[in-house]
Amino acid sequence: MSNLKRTKKEQRTIFFVGVIFGLIPVLGHALIAALVELNLVVAIGALPFLDQNWLGHLSLVGISVALASFLNFMRQKKWPTHGVMLSFAVLVLFTTLLWIFFSVLAVSGGQVSFAVWRLGMVMIVLVLLTAYIVDMRIAVSESGEDRHAA
């Protein structure tokens, strides 16, 4: 296996670990909400299943993956290339916007319209894509092979 394939595989593994860590709160919320909905667990004043703040937990997926990419960026062995720095700056921007969105969502109590759902999902997807691009650029940078391979 070439050095580039090995480093890309390592970066993909870290990316998916970030996705899994981000999904843990969503799955935990889904489990508890389902138990409450089925009356297996009693929670006084619980909101109906679909009225709960699902978008807030989905935002944690993007934030978790961005954190994994930040850690990848910090552990690089050599100075980052211009492409890695530019991608990382875009990731910081999108993640900051996602944190602001998450904060506004928390203040609103999770009661959001369809337009806010669309905005939230677009922001989460942007963070995920940008984090993946940063991870692959780091892999190419660390492999020392063709810089246009990412």
Side-chain angles (χ1 to χ4, degrees), residues 1 3-77 80 83-143 149-150:
M1 183 182 298
N3 197 25
L4 178 60
K5 285 184 180 181
R6 183 187 55 77
T7 56
K8 280 189 170 186
K9 184 177 178 183
E10 288 173 4
Q11 296 297 341
R12 274 191 208 101
T13 301
I14 293 169
F15 177 82
F16 288 121
V17 166
V19 169
I20 289 169
F21 276 120
L23 285 174
I24 288 172
V26 177
L27 297 175
H29 183 170
L31 175 66
I32 299 300
L35 291 174
V36 168
E37 196 72 24
L38 295 170
N39 291 323
L40 296 173
V41 173
V42 177
I44 300 169
L47 292 172
F49 191 81
L50 294 177
D51 290 343
Q52 296 181 19
N53 187 2
W54 294 102
L55 191 56
H57 286 308
L58 289 174
S59 297
L60 293 175
V61 175
I63 292 168
S64 175
V65 170
L67 178 64
S69 288
F70 293 157
L71 294 175
N72 273 341
F73 184 79
M74 296 302 164
R75 72 176 186 91
Q76 287 184 86
K77 295 172 183 71
V84 172
M85 292 291 280
L86 184 62
S87 298
F88 184 72
V90 171
L91 179 61
V92 169
L93 172 70
F94 287 157
T95 305
T96 303
L97 291 174
L98 185 59
W99 268 111
I100 292 169
F101 177 78
F102 181 70
S103 301
V104 169
L105 192 63
V107 171
S108 74
Q111 303 299 322
V112 296
S113 66
F114 182 70
V116 174
W117 263 95
R118 265 193 317 212
L119 174 65
M121 294 312 292
V122 165
M123 290 176 64
I124 292 166
V125 168
L126 283 174
V127 168
L128 290 174
L129 287 175
T130 310
Y132 189 77
I133 290 169
V134 167
D135 289 344
M136 292 303 106
R137 285 187 177 224
I138 290 171
V140 170
S141 173
E142 286 183 354
S143 73

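Numbers here simply count residues along the sequence, with the first being 1.
- Taking each heavy atom of Val134 and Ser69 in turn, the nearest pair found is CG1-CB, 4.5 Å.
- Between the side chain of Ser141 and the main chain of Arg137, no donor-acceptor pair closer than 3.5 Å is present.
- Side-chain atoms of His29 and Leu60, non-hydrogen and from C-beta on, never get closer than 4.5 Å to each other.
- Considering CD1 of Ile32 and CG of Leu27, their distance stands at 12.0 Å, rounded to 0.5 Å.
- Annotation for Ser87 and Ile133: closest pair OG-CG2, 3.8 Å, computed over non-hydrogen atoms.
- Residue Leu128 holds its CG atom at 12.0 Å from CZ of Phe94, rounded to the nearest 0.5 Å.
- Heavy-atom neighbours of Trp54 CH2 from other residues, nucleotides or ligands within 6.0 Å: above the threshold of 12.
- The nearest pair of heavy atoms linking Met136 to Lys8 is CE-O, 3.7 Å.
- Atom OG1 of Thr7 and atom CZ of Arg12 lie 9.0 Å apart (nearest 0.5 Å).
- Scanning both residues, Leu98 and Ser59, for their nearest heavy atoms gives CD2-O, 3.7 Å.
- Ser64 places no side-chain N or O within donor-acceptor distance of the main-chain N or O of Val19, the cut-off being under 3.5 Å.
- Two residues are said to be in side-chain contact when any heavy atoms from C-beta on lie closer than 4.5 Å; Gln11 and Tyr132 fail this criterion.
- Residue Ile138 holds its CD1 atom at 5.0 Å from CG of Asn72, rounded to the nearest 0.5 Å.
- Counting heavy atoms from C-beta outward, Thr95 and Phe70 have side chains that approach closer than 4.5 Å.
- Among all heavy-atom pairs drawn from Trp99 and Ile63, the shortest one is CZ2-CG2, 3.4 Å.
- The CG atom of Leu97 lies 5.0 Å from the CE atom of Met123; values are rounded to the nearest 0.5 Å.
- Evaluated for a side chain to side chain contact (heavy atoms under 4.5 Å, CB included) with Val61, the options Ile20, Val26, Val127, Ile24 yield exactly one hit, Val26.
- Going from atom CG of Leu129 over to atom CD1 of Ile124 covers 12.0 Å, rounded to the nearest 0.5 Å.
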